[in-house]
Amino acid sequence: MEKLNNYVLTSEAAKILGVSPNTIRSWASDGKIPVFHNPANEYRMFRKSDLQDFLLKVANPMATKHM
């Protein structure tokens, strides 16, 4: 696993994406964004780079269709 500072918890992911924590949980459950679990406490963790990729994808959905 990567360093934990490459990950954020649900509330921070929600701030980054501008949505509620419940929306983040829902998107993670639906497979819209990758989610990891801390092995020590099972908290949901989101890789910062995955959140950035998600933002780029929703900002320009046509660009990802041509890749």
Side-chain angles (χ1 to χ4, degrees):
M1 186 173 201
E2 297 175 44
K3 292 182 180 180
L4 288 180
N5 64 355
N6 292 329
Y7 294 82
V8 294
L9 298 176
T10 303
S11 61
E12 185 64 23
K15 289 177 188 175
I16 290 169
L17 296 183
V19 297
S20 74
N22 284 336
T23 299
I24 294 294
R25 290 181 195 99
S26 176
W27 288 350
S29 294
D30 293 344
K32 293 180 180 179
I33 55 174
V35 62
F36 302 88
H37 292 274
N38 185 318
N41 56 21
E42 290 300 313
Y43 285 178
R44 289 178 192 88
M45 301 186 320
F46 301 88
R47 190 182 300 138
K48 292 176 185 177
S49 62
D50 289 337
L51 299 175
Q52 300 268 332
D53 291 345
F54 181 81
L55 282 174
L56 290 174
K57 185 172 79 172
V58 297
N60 192 0
M62 294 304 290
T64 56
K65 289 184 180 181
H66 298 294
M67 295 178 119

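Below, each value reflects all heavy atoms present in this structure, side chains not excepted, and no hydrogens, waters or symmetry copies. When a residue number appears, it is its place in the shown sequence, counting from 1.
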Quick check: closest heavy atoms across [X] and [Y], and the distance to 0.1 Å?
| X | Y | answer |
| --- | --- | --- |
| Pro34 | Phe46 | O-CD2, 3.4 Å |
| Leu4 | Asn38 | CD1-ND2, 4.5 Å |
| Ser11 | Pro21 | CA-CG, 4.5 Å |

Can you sort out the partners of [X] under side chain to side chain contact (heavy atoms under 4.5 Å, CB included), two or more places apart, ordered by chain and number?
| X | answer |
| --- | --- |
| Ile16 | Val8, Glu12, Leu51, Leu55 |
| Gln52 | none |
| Ser26 | Asp30 |

Show every salt bridge (charged side-chain N to carboxylate O under 4.0 Å, His left out) that has at least one partner inside residues 35-48, sequence neighbours left out. Glu2-Arg47, Arg47-Asp50
Sequence neighbours excluded, every pair satisfying side-chain hydrogen bond (donor to acceptor under 3.5 Å, both in side chains) that has a member inside residues 13-22: Ser20-Thr23, Asn22-Arg25
Students often mix this up, so state it plainly: with edges at 30° and 60°, are the rings of Trp27 and Phe54 parallel, tilted or perpendicular? tilted
